[in-house]
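Only a predicted model underlies this, so the values are computations on that prediction, with no experimental measurement involved. Proteins come first, then strands; the chains are lettered A, B, ... in the order of their sequence lines, and each starts at number 1.
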2 protein chains.
Amino acid sequence: MAKQDPDLSLLFHALSDPTRRAMLERLAQGPAAVTELAGPSGLRLPTILRHLSVLEAAGLVTSAKDGRVRSCALNPAALDPVRGWLDDQRAQWEALFDRLDDYVTRLMKERMP
Amino acid sequence: MAKQDPDLSLLFHALSDPTRRAMLERLAQGPAAVTELAGPSGLRLPTILRHLSVLEAAGLVTSAKDGRVRSCALNPAALDPVRGWLDDQRAQWEALFDRLDDYVTRLMKERMP
DNA sequence: GTCTTGCTTAGCCATATTGCTAACTATCAC
DNA sequence: GTGATAGTTAGCAATATGGCTAAGCAAGAC
């Protein structure tokens, strides 16, 4: 058990901050400039820029500069590993609970034949 | 855009650490004691205990002490908010790309009638 | 050119996170 | 009771995170 899946760590960490989730939700409405992304957050631009760099490092967002405006957009494929991990976990968890269920059922039969 | 969804922040933060994900994966095989949970990680018990408390704070794991052994188990419902958020995001992202697609299609038609 | 706008960089501060060791408590085996 | 086992608590150190201000730079407006 160790430091595998750095991607997942980056992704989950990027998603763990409400400001960053709000930025993603804003971008789900369409591309936006940095100032627009800061929007109603009340945070300063440098702060937003750091959050943006976290989102970019995780691959969730891409941005490009057009003139003096940086336009930011979602990278829709980026959440795939997250979904994959969640699906795997759920599958394993369900298998576990099925096993526990079987176990309990067997116990019941043994005790109440 | 603000500090809503403290649950989501706790959950994503709990999932952002590979050690904690490994602990969850171990628990997906069945309940385990703390020492067992530390297992091959090479980390000391106090460290594991802190990770455990993060997982419990996020609601992902429950534990109870039986004699001198603390037994830990998954809480399968805990990931639901995460799945919910991901599903919402995906739906919005798809809607966005459909809109962009329509837009491009319309542009093409206007230019190449 | 000059000014404004939009972003960027550098650097500071407070707090949180992640690891550790050392010392303690509580149970179980004998 | 004695001793081993399983957690637990307290506290330390290094680093990461999230916010800020101040100062800089580049593009567009005039």
- Phosphate oxygens OP1/OP2 of dT17(C): is one of them under 4.0 Å from a side-chain N or O of His51(B)? no
- Note on the structure: Rounded to whole Å, CD of Glu36(B) lies from C1' of dG7(D) at a distance of 15 Å
- Query: Leu52(A) has an atom CG; how far is it from atom C1' of dG6(C), in whole Å?
  - Reply: 14 Å
- Message: Heavy atoms from C-beta onward define the side chain here; which of dG11(C), dT27(C), dA10(C) lies closest to that of Arg50(A)?
- Response: dG11(C)
- Message: Side chains of Glu56(B) and Leu60(B), heavy atoms from C-beta outward: is any pair under 4.5 Å?
- Response: no
- Given atom CG of Leu45(B) and atom C1' of dA22(C), what is their separation to the nearest angstrom? 14 Å
- Message: The side chain of Arg44(A) is closest to which nucleotide in this list: dC20(C), dT21(D), dT8(D)?
- Response: dT21(D)
- Query: When the distance from CG of Leu37(A) to P of dT8(C) is rounded to whole Å, what number comes out?
  - Reply: 12 Å
- Item | Atom-to-atom span, CG of Asp66(B) to P of dG7(D) - whole angstrom | 11 Å
- Task: Decide yes or no for Arg26(B) and Glu36(B): does some side-chain heavy atom of the first lie under 4.5 Å from some side-chain heavy atom of the second?
- Result: yes
- Message: Does a side-chain N or O of Thr47(A) approach OP1 or OP2 of dG18(D) to a distance below 4.0 Å, or not?
- Response: no
- Indicate yes or no: does Arg83(B) engage Asp87(A) in a salt bridge with an N to O separation below 4.0 Å. yes
- Minimum-distance nucleotide to Leu43(A) side chain [options: dT9(D), dG19(D), dG19(C)]: dG19(D)
- Message: Quick check: on DNA chain D, is the nucleotide nearest Pro46(A) upstream (toward 5') of the one nearest Ser16(A), or the reverse? Name the residue that is more 5'.
- Response: Ser16(A)
- Could you give the CE-to-C1' distance, from Met23(B) to dT18(C), as a whole number of Å? 13 Å
- Message: Just the rounded figure in Å: distance from C1' of dA26(D) to NZ of Lys65(A).
- Response: 7 Å
- Query: Under a 4.5 Å cut-off applied to non-hydrogen side-chain atoms, are Ser9(A) and Arg21(B) in contact?
  - Reply: yes
- Any donor-acceptor pair under 3.5 Å joining the side chain of Arg68(A) to the base of dA27(D)? yes
- Query: Can you tell which of dT8(D), dG18(D), dG19(C) lies closest to the side chain of His13(A)?
  - Reply: dG18(D)
- Task: Calculate the interatomic distance between Ile48(A) atom CD1 and dG6(C) atom P; express it in whole Å.
- Result: 15 Å
- Among dT18(C), dG7(D), dT8(C), find the nucleotide with the atom closest to the side chain of Ala33(B). dG7(D)
- Message: Nearest to the side chain of Arg70(A), heavy atoms from C-beta on, is which of dG7(D), dT8(C), dG18(D)?
- Response: dT8(C)
- Heavy-atom side-chain contact between Trp85(B) and Leu15(A) under 4.5 Å: yes
